[in-house]
Number of protein chains: 2
Amino acid sequence: MSRTLFFTSLLYRSTTEHKRAIAEFCSNVKMCRLTEQVVFSDPYKISQYNRWTAPYLDEDAEAVRQDNDLKLEIAELKAKFCERAQALLHGDLHTSSVMVTRDSTRVIDPEFAFYGPMGFDIGAFLANLILAFFAQNGHSNGEDDRKAFKRYICQTIEETWSLFEQKFIALWNEHRDGSGEAYLPGIYNNPKVLQLAQKKYMADLFHDSLGFGAAKMIRRIVGVAHVEDFESISDPGKRAACERKALDFAKLLLKNRRSFVQIGGVVRAMRQVEE
Amino acid sequence: MSRTLFFTSLLYRSTTEHKRAIAEFCSNVKMCRLTEQVVFSDPYKISQYNRWTAPYLDEDAEAVRQDNDLKLEIAELKAKFCERAQALLHGDLHTSSVMVTRDSTRVIDPEFAFYGPMGFDIGAFLANLILAFFAQNGHSNGEDDRKAFKRYICQTIEETWSLFEQKFIALWNEHRDGSGEAYLPGIYNNPKVLQLAQKKYMADLFHDSLGFGAAKMIRRIVGVAHVEDFESISDPGKRAACERKALDFAKLLLKNRRSFVQIGGVVRAMRQVEE
C-alpha cells in the first residue's frame, strides 16, 4: 500500500507524468460510479438496494438517513473521492482482496482502480478489520473465547497504520531529492520544515483514512453489500447487536475523525463502544 | 465566474461528464506547470526568475524563503492546484484578463484553462484588487486624493465575493433537482441540510479563495511577474513601502485564512495593515 500510493503520487512523480496517468484512468468511470452510489449515496437515502438486519436495525438505518451532520461529512468525502487525484488507488481494497501466504502477499480484483484520495484505500482495509472486531461477540460461546482474537485484530489495525506511515515516510525521505514535485528540495530545504510537512501530510491522510473507513463501515451495515463477519452470525438479534455497535462507532468516527491523533486512540475508542 | 464554475462542477454535472472533461484538459500540462513554478515554488526558494524592489525588500524576500509556516500552507495549496479537479478554471483570471464596457464583460487569454480548485480563479481576481488597494499610497500626492478610490476598491472586493456567493447559491438552488451528482436530492432532502451543506461548501471555497489569492499576491511582489499598480510607482522607496504592506497582508492571509468568516473582515484587516 505504501509503495503503490507513494510511487503514483506527486511525492515521487512530476506533474506531467501525473496528469498523463490521471487522464488514462478517467475512463474507468463506471466502477467509480458504482462506488459513489453504494458508499457515498445509498446508505443516506431510501434505496431499493439497501438492506439491514430488520426489524432490529430499522431505527438505526432511519437515523442514518436523518443525520444531517453525517450527510455533511459524507458530502465532503464524496467530493474528495470524485475530484482529488492524489494517487493510483486499488479502489476496493477490503481484506478479501488481499491474498496472503507465509511468504507472499498478492492483491486481486483491480477493476476499480483509478486516481483518487489515498485515504480511500487505507480506510477500506482498516474498515474491514474494525468490522471483524465488532463481529466477534456474535461468534462467541459466551465465555472469553474471542478475547485473544480481538486483541490480534486490534494489533493488526494499529500495525497497519503504523507500518504504512513508517514505510511511506521512509520512501519519502529516500526520494526527497528525486523527481517528485510536491515538495521541491529547494523549498523544503531544512530538516525542520520537511519534518513539519510530513507530519501535516500524514495527519491529513490519517483523517481521510478514518473518514473513508467509517463510510465503508456504514455501507456494510445499512447498504447493499455486507461482510461475512456479520452475515455468518445466524441469530439475527445477536447479529444486529454487533452491527449496531459497529455502526455507532462508524458514525462517531466519521463525525469526529479529526479529533484522533494516533491509531492507538482509535482502537481505544473501538473498545469503549464495544464494551 | 459563478456560471462557469457552477456549470462545470459536480453541482451541475454527472461524474461521467466531469471525468470526460477532466481527461480532456489533462493535456494542458505545460501552462499548469508554469503556474506551479511561478506561484507555488519560485517565491519560496532561490530562483533566477525572482525579482523584487531591491535593496528595500531584500530582507522581506529572504523572510518568505525562511518561513516554514508559509511553506506548509503553500504546499497544501499546491497539492489542491495539482490534484483537485473541482471545476473548469480560467487559470489566470487577474483583472487584466477582464475586458469591460458599460454593456458587456469579456474574459480573454484562456490558455491556462484546466480543471482545478475554484478558489484559484476567485482568489486571482481578488488578489489583483487587493494589490491595487495597497498601491494607492504610492500614487498619492500626499493628501487624501486616493481615499475615494480606495473605498471603491474595497467595495469592489466585497461585492466580488458577495455577488459571486449569491449568484452561485442561486444557481445551486435553481438546479438542485437536476443532473448534478454532488448533492443528490434524495439525500439533501430537507431545507435545513441543504442550507448547512451550502454554508459549509461556501466557507471552504472562501478559505480556498483567500489562500490562493494570498499566494498570487506574494508572487507578484517577490516572484517573476509583477503588477502595473506597483511597477508604475517610480520612487523605489515609496514602491517598496507599499509592496511590503501588501506582502505582510498576504502572509497574514495565507496563514490565517481559515479565521476569516466574511469578506468584510478581510477588507477590515487590509485597512489595518495599510494604516
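Scope of the values below: all heavy atoms of this structure, side chains included, with no hydrogens, waters or symmetry mates. Below, chain A is the first sequence line, B the second, and so on; all start at residue 1.
- Contact of the B/Val193 side chain with the A/Gln66 side chain is not registered, since no non-hydrogen atoms from C-beta on lie closer than 4.5 Å.
- Side-chain contact between B/Ser9 and A/Glu83: absent, with no pair of heavy atoms (C-beta onward) separated by less than 4.5 Å.
- By number of non-hydrogen pairs under 4.5 angstrom with chain A, the leading residue of B/Ala23, B/Ser47, B/Ala79 is B/Ala23.
- With a 4.5 Å cut-off on side-chain heavy atoms, B/Val29 and A/Glu17 do not count as touching.
- Among B/Ala197, B/Ala75, B/Pro117, the residue making the largest number of heavy-atom pairs under 4.5 Å with chain A is B/Ala75.
- In the displayed structure, B/Gln262 atom CD is contacted under 6.0 Å by at most 12 heavy atoms of other residues, nucleotides or ligands.
- Within 6.0 Å of CZ on A/Arg51 lie more than 12 heavy atoms contributed by other residues, nucleotides or ligands.
- Applying the 6.0 Å contact sphere to OH of A/Tyr183 captures more than 12 heavy atoms from other residues, nucleotides or ligands.
- The shortest heavy-atom contact between A/Cys26 and B/Ile22 is SG-CG2, 4.0 Å.
- For the residue pair A/Ile187 and B/Phe40, the shortest heavy atom distance occurs at CD1-O, 4.0 Å.
- Around CD of B/Glu111, the count of heavy atoms belonging to other residues, nucleotides or ligands within 6.0 Å exceeds 12.
- For A/Phe25, the CZ atom is densely surrounded, since the number of other residues' heavy atoms within 6.0 Å is greater than 12.
- Residue A/Asp42 does not touch chain B at all, counting heavy-atom pairs closer than 4.5 Å.
- With a 6.0 Å radius and a threshold of 12 heavy atoms from other residues, nucleotides or ligands, B/Gln195 has its CD atom at or below the threshold.
- A salt bridge between A/Lys200 and B/Glu76 is present, with a side-chain N of the basic residue lying under 4.0 Å from a carboxylate O of the acidic one.
- Between the NZ atom in A/Lys19 and the CG atom in B/Asn28 there is a gap of 8.0 Å [rounded to 0.5 Å].
- For chain B, the option among A/Lys78, A/Glu24, A/Lys30, A/Arg65 with the highest count of heavy-atom pairs below 4.5 Å is A/Lys78.
- Counting heavy atoms from C-beta outward, B/Thr15 and A/Cys32 have side chains that stay 4.5 Å or more apart.
- Distance check, rounded to the nearest 0.5 Å: CG of B/Leu184 to CD of A/Glu36 gives 9.5 Å.
- Considering only heavy atoms from C-beta on, B/Glu181 comes within 4.5 Å of A/Arg33 through its side chain.
- Minimum heavy-atom separation, A/Lys45 to B/Gly186: CB-O, 3.5 Å.
- For a residue to count as touching a neighbouring chain, one of its non-hydrogen atoms must lie under 4.5 Å from one of that chain's; by this rule B/Asp69 does not touch chain A.
- Proximity to chain A (any heavy atom under 4.5 Å) is restricted, for B/Ala182, to the backbone atoms N, CA, C and O.
- The distance from the SG atom of B/Cys82 to the NE2 atom of A/His18 is 8.0 Å, given to the nearest 0.5 Å.
- A/Lys71 is listed as a side-chain neighbour of B/Asn189, based on a closest heavy-atom distance under 4.5 Å.
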